[in-house]
Amino acid sequence: MTKKRVFSGIQPTGNTHLGNYLGAIRRWAAEQADKTNFFCVVDLHSLTVPQDPAQLRHETRSMAALLLACGIDPQQSTVFIQSHVTAHAEGCWLLNCITPLGWLQRMTQFKDKSARQESVLTGLLDYPVLMAGDILFYDADEVPVGEDQKQHVELTRDIAQRFNALYETEFFVIPQPVIAKVAARVMGLDDPTVKMSKSLADKRGHAVKLLDSPDEILYVFKRAVTDSGREIRFADDPDKAGVNNLLGIYQAVTGQDRAAVEADFASARGYGDLKVRVAEVVIEALRPIQARHAELMADSGELDHVLAAGAARAREVSQPKVDEMKQIMGLVPVHPTF
Ligand code: AMP
Ligand code: TRP
């Protein structure tokens with residue numbers, strides 16, 4: 001049986017948090033043995049909002065190191081930096097030319113992000129087309145992402161179907177979004193009604209960042225917003241969003257079912273206990289990841305080697321796909337003998 005192909009991406013810019021880990025990276029690592037995987041640090045996507053060049057450079061490497069530290073194994077998965085593989089930008093242009101503008105203007109992430117900025121860059125609108133290419137140029141069957149990216153994967157399907165229909169082909173594989181059942185949406189600790197997000201993570205108390213110290217993690221959990229009750233169980237009640245979020249994090253980190261999680265807290269004395277226990281399991285889960293990250297960042301050789309090999313492998317897959325796409329669309333190929 002041929003293995004399913006998996007593609008996913010993560011933006012390098014700062015503040016990688018517990019939601020990214022539980023909703024995305026940890027699952028990529030857990031399922032990599034059974035699939036053919038491509039995991040990409042999407043630095044071109046980061047350029048859709050203004051960036052400091054030195055910081056972007058540092059954070060791109062740091063994110064790649066974090067993927068490895070979280071257990072992504074370069075023997076089993078291709079790990080690479082998006083801008084190292086020119087097929088992504090080249091193919092994005094081709095996809096732009098078959099994607100209706102209205103489809104992009106409807107994206108909720110674009111609407112949210114553009115509403116928060118005074119001047120909106122063209123790249124921000126085009127972001128989902130670049131993402132569609134990431135997925136389609138690898139013939140990915142599955143795209144494991146958090147809930148917030150589902151709409152972009154659905155757009156990718158629409159773009160692929162439109163291309164296939166326009167050129168009467170089955171050239172593009174139609175990918176499926178794969179959303180986690182647990183921790184698909186980790187909420188902000190300071191406000192459990194909004195999703196934990198990188199853009200809010202500069203605000204102390206909002207997020208646990210993967211490289212935060214144990215003291216900081218404990219501090220953030222202790223301040224987590226809950227409600228005025230004391231009952232520690234999963235509840236289908238918007239007033240309990242804070243407690244649900246803490247229990248959800250605990251459940252995702254420990255891998256237990258809901259009943260076992262509630263049993264763990266049967267004798268807890270109120271939310272204070274809950275917060276400290278959740279902080280403890282998170283600190284222990286992140287400890288080895290932080291140690292390995294520091295090791296990889298201290299000696300750049302291993303990381304550079306993994307990324308160069310990853311980019312070479314990614315090019316082998318995506319460049320022929322983009323070349324073939326150009327031909328389908330009527331562009332003249334380079335003559336092979338000159
Ligand atoms: P980003 O932070 O947008 O680069 O997202 C990287 C990955 O983490 C994507 O698969 C997102 O869907 C996922 N993700 C981001 N925020 C959360 C969250 N609060 N809960 C669960 N998954 C998330
Ligand atoms: N847009 C995604 C995010 O912010 C990152 C991303 C870029 C991605 N390209 C992708 C995710 C391809 C999955 C597949 O989370």
Side-chain angles (χ1 to χ4, degrees), residues 5-29 37-49 59-60 63 66-67 70 72 78 80-83 85 88-89 91-92 95 107-110 112-113 123-124 126-157 159-160 175-201 206-210 241 244-245 248-249 251-253 314 318:
R5 279 187 178 229
V6 171
F7 189 104
S8 201
I10 187 158
Q11 294 197 56
T13 22
N15 295 334
T16 310
H17 54 67
L18 204 56
N20 299 130
Y21 177 62
L22 297 176
I25 309 172
R26 193 179 66 145
R27 291 169 51 224
W28 305 348
N37 315 278
F38 297 89
F39 298 122
C40 182
V41 180
V42 294
D43 54 349
L44 297 175
H45 277 103
S46 292
L47 292 177
T48 58
V49 295
E59 290 188 335
T60 300
M63 176 55 85
L66 201 50
L67 294 183
C70 288
I72 300 212
T78 302
F80 68 104
I81 293 176
Q82 189 184 32
S83 65
V85 181
H88 292 250
C92 176
L95 292 178
M107 291 292 107
T108 40
Q109 183 174 303
F110 174 71
D112 285 355
K113 284 196 184 174
L124 190 66
D126 203 26
Y127 178 115
V129 181
L130 183 63
M131 174 163 164
D134 295 343
I135 297 166
L136 297 177
F137 305 150
Y138 294 82
D139 291 335
D141 304 293
E142 296 180 357
V143 185
V145 283
E147 184 72 41
D148 61 322
Q149 294 299 316
K150 193 167 168 215
Q151 193 184 40
H152 288 159
V153 183
E154 277 158 5
L155 180 83
T156 303
R157 293 166 58 87
I159 293 175
Q176 294 285 348
V178 183
I179 316 286
K181 291 187 193 67
V182 175
R185 218 170 134 79
V186 176
M187 307 307 281
L189 294 168
D190 57 344
D191 177 358
T193 65
V194 303
K195 129 187 135 141
M196 186 177 285
S197 89
K198 284 181 181 167
S199 52
L200 299 175
H206 172 74
V208 168
K209 285 164 267 164
L210 297 191
N244 277 334
N245 191 36
I249 291 171
Q251 182 186 7
V253 172
S318 55

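Order of appearance sets the numbers: ligands from 1, and atoms from 1 within every ligand.
- Between Glu147 and ligand 1, not a single N/O pair is under 3.5 Å apart.
- Counting protein heavy atoms only, atom 4 (O) of ligand 2 is closest to Tyr127 OH, 2.8 Å.
- Contact atoms of ligand 1 toward Met196: 16 (N), 18 (C), 19 (N) (distance under 4.0 Å to a heavy atom of the residue).
- Of all protein heavy atoms, the one lying nearest to atom 9 (C) of ligand 1 is Gly146 N, 4.0 Å.
- Within 6.0 Å of atom NZ in Lys150, 12 or fewer heavy atoms from other residues, nucleotides or ligands are found, so the atom counts as exposed in its surroundings.
- His152 and Phe110 have their aromatic ring centers separated by at least 6.0 angstrom.
- Heavy-atom contacts of Gly23 reach the following atoms of ligand 1: 21 (C), 22 (N) (cutoff under 4.0 Å).
- Residue contacts with ligand 2 for Leu130 are absent, since no atom lies close enough (heavy atoms, distance under 4.0 Å).
- Residue contact check: Gln11 has heavy atoms under 4.0 Å from atoms 4 (O) of ligand 2.
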Stepwise side chain to side chain contact (heavy atoms under 4.5 Å, CB included) test for Lys195 and Glu147: CA-CA 10 Å; Lys195 129 187 135 141; Glu147 184 72 41; over 6 Å; no

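- Interatomic distance, CG of Leu67 versus CZ of Phe39, reported as 8.5 Å (0.5 Å rounding).
- Put simply, CD on Gln176 and CD on Glu154 are 9.5 Å apart, with the number rounded to the nearest 0.5 Å.
- Between Gly9 and ligand 1, no pair of N/O atoms sits closer than 3.5 Å.
- Contacts between Asp148 and ligand 2 below 4.0 angstrom, taking non-hydrogen atoms only, are absent altogether.
- The protein heavy atom nearest to atom 5 (C) of ligand 2 is Gly9 O, 3.5 Å.
- Near Ile10, the atoms of ligand 1 lying under 4.0 angstrom from a non-hydrogen atom of the residue are 4 (O), 6 (C).
- Distances below 4.0 Å separate heavy atoms of Val145 from the following atoms of ligand 2: 11 (C), 13 (C).
- Any N or O atom pair closer than 3.5 Å counts here, and Trp28 shares no such pair with ligand 1.
- Under a 3.5 Å cut-off, the side chain of His206 and the backbone N or O of Ser197 do form a donor-acceptor pair.
- Under a 4.0 Å heavy-atom criterion, His17 is in contact with ligand 1.
- Ligand 1 has a nitrogen or oxygen under 3.5 angstrom from a nitrogen or oxygen of Asp148.
- The distance from ligand 1 to the heavy atoms of Ala24 drops below 4.0 Å at these ligand atoms: 7 (C), 8 (O), 10 (O).
- Atoms of ligand 1 found under 4.0 Å from any heavy atom of Val145 (numbered from 1 in listed order, with element): 10 (O), 12 (O).
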Evaluation steps, side chain to side chain contact (heavy atoms under 4.5 Å, CB included), between Asp112 and Gln109: CA-CA 5 Å; Asp112 285 355; Gln109 183 174 303; 5.7 Å; no

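- Every atom of ligand 1 with a heavy atom of Gln149 under 4.0 Å away is listed here by number and element: 12 (O).
- Scanning the protein for heavy atoms near atom 2 (C) of ligand 2, the closest one is Gln149 OE1, 3.4 Å.
- Using a distance-only test at 3.5 Å, with no hydrogens or angles considered, a donor-acceptor pair links the side chain of His45 to the main chain of Tyr127.
- Nearest protein heavy-atom contact of atom 6 (C) of ligand 1 is Asn20 ND2, 3.5 Å.
- Atoms of ligand 1 found under 4.0 Å from any heavy atom of Gln11 (numbered from 1 in listed order, with element): 4 (O).
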